[in-house]
Amino acid sequence: MAKYIVKRLLLMIPTLLGVAVLIFFLMRVVPGDIVELRFAGESAFAQKENLDKERARLGLDRPLWEQFVTWMLGILRLDFGTSMWTGAPIIEEIKLRATLSFQLAVMATAIAVALAIPLGVVAALKQDTWVDYAVRIFSIAGLATPSFWLGIVFILGMLIIFKWLPPMVYTPFWVDPWQNMLQLVWPALAVGYRYSAVATRMTRSSMLEVLREDYIRTARAKGLWEKLILSRHALKNAMLPVLTVVALEFAFLMGGLVVTEQVFNLNGLGMLFVESVARRDYTLTQALVMLVAFVFIFVNFTVDLMYAWIDPRIRFR
Amino acid sequence: MTDRGGCRLDGPVRMLAIVLALAVSAVSARAQDKPRYGGELIFAVPSEMPSYDGHREGTFGMVHPLAPHYSTLLRVDPNDRTGTKVVSDVAESWVISPDGRVYTLKLRRSVKFHDGSEMTSRDVKASYDKIVFPPPNVGSQRKGQYTNVEAIEAPDAWTIVFRLKWPQASFLASLASPYNWIYSANILAKDVRWYEKNVMGTGPFVFVEHVKGSHWVGKKNPNYWDKGRPYLDGYRAIFMKDSAAQVAAVRAERAHIQFRGFSPAERDSLVGALGRKITVQESAWDCAAWVAINQDRKPFDDKRVRRAMTLALDRHQASQALSKIAVVKEVAGVQVPGTPYATPPDELEKLAGYGRDIKKSRAEARRLLREAGVPDGFAFTFTNRGVPMPYEPVGIWLIDQWRQIGLNATMVTIEASQHVTELRAGNFTVSSDAQCGYAVEPDLDLAKFQSKEISHNNYGRYTDQVLDELYQKQSRALDSEERKRYVREFERRLLDEQVHTFVTLQWHRIVPHNARVKGWTITPSHYLNQQLDTVWLTE
């Protein structure tokens with residue numbers, strides 16, 4: 001097992017390196033110039049001398065290979081540099097937003113799992129009954145409804161019915177739990193519902209597959225208690241694909257909730273990502289892509305470890 | 001006639017009662033108009049500043065949250081709707097030499113920085129030196145605007161003198177620039193870039209907190225030089241990119257106002273939902289929707305083709321139709337309608353494309369296309385900026401208008417940040433273009449249209465020395481009537497004779513805000529009137 005873990009950890013390095021090369025050069029290919037955007041824009045008084053000075057200050061006048069090497073050396077020291085737009089350390093820019101994004105991802109995942117697993121199991125057990133149909137309609141509706149749209153519906157509903165809106169400014173949970181929940185519970189519900197729809201369908205189909213396995217029939221033939229068969233033999237095995245879906249969705253939530261963040265005015269990583277690309281803030285975009293890549297790789301790695309924990313066959317292999 | 005259960009009022013008594021009632025209501029109305037102290041103004045800001053240094057940055061996302069912390073030498077009158085009347089701020093008076101080259105300003109003696117130190121001419125000189133003659137490692141976004149400044153002197157602690165190389169009509173307005181904040185000379189001497197990450201001014205509000213991407217907080221400065229002001233206890237700016245979120249915030253009273261402006265549909269939804277709880281202020285906006293034509297490309301090097309393109313536009317009809325769905329409205333020339341140098345409507349109608357008879361204009365456009373050797377019209381690409389409001393509706397309207405004279409334009413929308421780069425590099429044929437000024441002032445508004453050798457964002461890529469000369473003449477004309485004449489000549493040459501570029505419609509600024517917000521007057525510029533010292537909230 002230890003060998004397996006080390007091997008997987010070492011495999012992360014070339015993957016991250018590949019992402020780094022790709023994002024660095026992709027950003028340079030995209031047209032647009034942060035210096036012109038910030039210091040020239042629509043101004044008739046912008047002077048070339050000023051723009052050149054700024055480019056030199058940001059290191060954009062240096063050869064591409066030199067910029068790349070400098071950046072890579074920084075990454076090796078875990079120094080992502082400063083944002084080209086704000087001049088603030090990138091770690092600081094990300095840290096500020098990561099708390100909110102992480103909390104929202106955890107809340108949405110909790111809501112999704114709390115909905116998906118019982119619903120998926122019940123739907124599988126009551127296959128082709130009205131219960132199954134109701135769960136399927138609920139989950140298909142979730143798949144068909146973009147979370148930002150549901151967010152807009154929540155906001156309009158609260159505005160029109162209660163003349164109330166969630167707080168617009170983030171308060172950390174440890175500062176004021178009530179305010180924090182008041183703000184984040186709505187986006188978590190909007191995102192969690194769509195997320196649960198994917199997981200519900202996966203749980204249902206996975207459970208149906210497992211329930212038809214020989215070992216379930218054997219367990220029933222042995223006269224095992226049905227609840228035990230379901231929880232120990234069926235659900236545990238059915239969880240493997242569900243775990244993958246839940247984990248990947250979680251990784252996606254860490255940086256992909258752009259529109260939902262916009263709708264609820266959340267200061268998260270998704271918005272920061274979009275803004276950094278729009279501003280051609282190379283250093284910040286590169287760091288964010290590396291972060292998201294790392295989250296995906298790490299989550300995948302964790303899922304693989306959990307697979308081994310859930311399924312002994314993987315461990316023994 | 002008897003009252004039931006009430007007392008009967010005879011003639012004189014009734015008269016007295018009416019007079020008393022009127023007096024009470026008048027007192028109550030006056031009480032409503034009288035500024036009230038206290039409260040926190042909450043406003044939404046659709047953009048956020050890269051740094052805190054006003055001398056370096058250009059975005060309104062910096063001006064709105066930060067302007068209340070600073071003073072400028074002069075300012076635009078907070079009650080002037082044209083945004084052109086210059087009044088004093090920390091300079092209490094000024095004298096201009098007869099040749100228009102020396103500006104001597106006397107400073108107020110009671111101005112203190114937020115750290116308690118006294119503001120003197122040394123601070124003003126250090127601030128303006130940073131703007132006009134920045135050190136090599138410091139960026140000054142508007143340095144190019146002050147090339148005329150020969151020297152800045154501080155002969156005594158309360159006097160500051162600007163010596164110009166030549167007279168400049170707009171110089172006073174330049175001293176009222178909402179970006180030219182007065183910084184502490186001591187701080188600048190220690191670290192000239194300190195203000196990029198810190199705040200310390202002489203303005204009506206003291207800095208409290210900035211959480212990036214979230215909000216900015218300021219509180220009342222008890223030592224503000226203008227005794228009795230500000231009225232508010234503080235303010236909170238919430239950064240909100242999404243306009244739907246801004247509207248929702250105003251509607252739910254989570255924010256009192258968003259100073260930049262909303263679309264007509266957003267205004268209507270707020271008025272519909274809040275009724276009398278909302279006040280709407282509107283003004284022609286010092287931004288215009290222009291069309292840039294790349295004269296390096298054929299057949300756009302032919303002024304007959306360019307003239308045909310502007311003649312095809314029915315601006316008067318568009319003003320009515322587009323203003324219902326987009327932030328454009330006024331039919332305008334090179335100056336914001338209703339401001340001192342704007343061309344009156346009847347005179348404007350004499351320019352190509354401004355006439356009321358659209359059939360006649362389009363017949364003339366077709367004749368010009370025939371003369372230019374393209375009788376059947378031609379196809380071209382119209383590059384539009386990837387910002388929906390107002391570029392998308394204006395772009396669709398333009399394509400329809402050009403189609404009516406046989407020009408077949410295909411709209412290609414590109415991301416806003418790429419749009420600037422493409423325009424500057426000349427990678428376009430015909431494109432949307434915009435210009436927003438921080439003040440309505442011909443020197444600022446016309447500079448862009450000078451020859452490409454002078455103007456960094458002359459996207460038409462033309463050279464026109466006559467236009468350059470007219471720019472200089474209007475800039476140096478100290479007599480306002482003479483200056484008006486040069487501005488009109490400039491306008492005629494730019495929009496009518498050469499049609500280097502043309503304006504479609506002036507943007508229209510719409511600010512619906514909570515009716516509790518008082519003491520704030522809309523101006524054509526969303527950069528002006530943001531110090532908030534005159535703003536107050538009713539009960």
Side-chain angles (χ1 to χ4, degrees), chain A residues 30-51 53-54 57 83-88 92-93 96-97 100 152 155-156 158-160 162-171 259 261-268 271-272 274-275 277-281, chain B residues 44 48-51 56-59 134 136-137 139-145 196-197 211-215 236 238-242 244-246 248-249 251-255 273 287 414-422 424-425 427 433-436 444 446-450 455-458:
Chain A
V30 177
D33 177 353
I34 187 171
V35 175
E36 290 217 333
L37 261 178
R38 182 168 166 189
F39 296 105
E42 290 154 5
S43 165
F45 298 101
Q47 293 178 316
K48 193 177 173 300
E49 160 214 337
N50 265 355
L51 302 184
K53 203 159 71 179
E54 272 306 316
R57 199 177 68 81
S83 157
M84 287 181 167
W85 187 257
T86 63
E92 188 187 294
E93 295 277 356
L96 193 72
R97 277 92 174 177
L100 183 146
I152 292 172
I155 285 191
L156 285 178
M158 287 184 280
L159 256 180
I160 294 165
F162 303 109
K163 305 204 181 313
W164 181 85
L165 207 61
M168 312 295 280
V169 171
Y170 175 65
T171 313
V259 190
E261 284 179 11
Q262 234 177 5
V263 167
F264 287 96
N265 198 47
L266 301 175
N267 190 20
M271 286 287 289
L272 184 69
V274 169
E275 278 168 19
V277 174
R279 290 164 178 165
R280 302 296 186 268
D281 186 345
Chain B
E48 195 173 356
M49 73 299 287
S51 86
R56 179 179 163 83
E57 308 297 345
T59 171
N137 61 335
S140 166
Q141 186 155 155
R142 283 159 293 278
K143 178 187 163 188
Q145 206 181 311
E196 286 176 24
K197 291 181 179 171
V211 177
K212 277 184 190 166
S214 176
H215 62 277
R236 181 177 294 263
I238 304 176
F239 302 111
M240 272 185 221
K241 309 289 180 304
D242 185 45
Q246 294 157 25
R251 190 170 161 177
E253 302 187 44
R254 289 258 179 215
C287 295
I414 57 174
E415 191 201 351
S417 42
Q418 187 188 343
H419 189 244
V420 181
T421 310
E422 299 293 343
R424 224 177 276 284
N427 296 330
D433 186 12
Q435 159 146 300
C436 285
L444 299 178
L446 307 185
K448 170 186 169 74
F449 305 109
Q450 295 174 95
S455 166
H456 188 71
N457 58 353
N458 167 345

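Letters A, B, ... mirror the listed sequences (proteins, then strands); counts begin at 1. We use all heavy atoms of the structure for the numbers below, so side chains are in, but hydrogens, waters and symmetry mates are not.
Of the listed residues (A:Leu272, A:Val259, A:Asp281, A:Leu165), the one with the most heavy-atom contacts under 4.5 Å to chain B is A:Leu165. When each of B:Arg56, B:Met49, B:Glu196 is scored by its heavy-atom pairs under 4.5 Å with chain A, the top score falls to B:Arg56. Between chain A and the options B:Ser51, B:Pro136, B:Ala244, B:Gly58, the largest number of non-hydrogen pairs under 4.5 Å is found for B:Pro136.
Shortest non-hydrogen contact noted between A:Asn267 and B:Lys212 is ND2-O, 2.6 Å. Nearest heavy-atom pair, B:Glu48 versus A:Trp85, reported as atom, atom and distance to 0.1 Å: O-NE1, 4.4 Å. When all heavy atoms of A:Leu159 and B:Ala252 are compared, the pair lying nearest together is CD2-CB, 3.5 Å. Between B:Glu415 and A:Ala278, the shortest heavy-atom distance links the atoms OE2-CA, 3.6 Å. In terms of heavy atoms, B:Arg254 sits closest to A:Pro166 at NE-O, 3.5 Å. Annotation for B:Ile238 and A:Asn265: closest pair CG2-ND2, 3.8 Å, computed over non-hydrogen atoms.
Of the atoms belonging to B:Gln418, heavy atoms from both backbone and side chain fall under 4.5 Å from chain A. Using a 4.5 Å cut-off between heavy atoms, B:Glu422 contacts chain A through its side chain alone, with no backbone atom that close. With a 4.5 Å cut-off on non-hydrogen atoms, B:Thr59 does not touch chain A at all. Proximity to chain B (any heavy atom under 4.5 Å) is shown, for A:Met158, by neither the backbone nor the side chain. Contacts of B:Glu57 with chain A are made by side-chain atoms alone, with heavy-atom separations under 4.5 Å and no backbone atom involved. In this structure, chain A has heavy atoms under 4.5 Å from both the backbone and the side chain of B:Ala248. With a threshold of 4.5 angstrom between heavy atoms, A:Leu96 approaches chain B through side-chain atoms but not through N, CA, C or O.
Between B:Arg251 and A:Lys163 there is no side-chain heavy-atom pair separated by less than 4.5 Å. Residues A:Met168 and B:Ser214 are not in side-chain contact: their nearest non-hydrogen atoms beyond the backbone lie 4.5 Å or more apart.
Side-chain atoms of B:Lys241 never come within 3.5 Å of backbone atoms of A:Gln262 as a donor-acceptor pair (strictly under, hydrogens ignored).
Here the CD-CG distance, from A:Glu36 to B:Asn457, works out to 10.0 Å after rounding to the nearest 0.5 Å.
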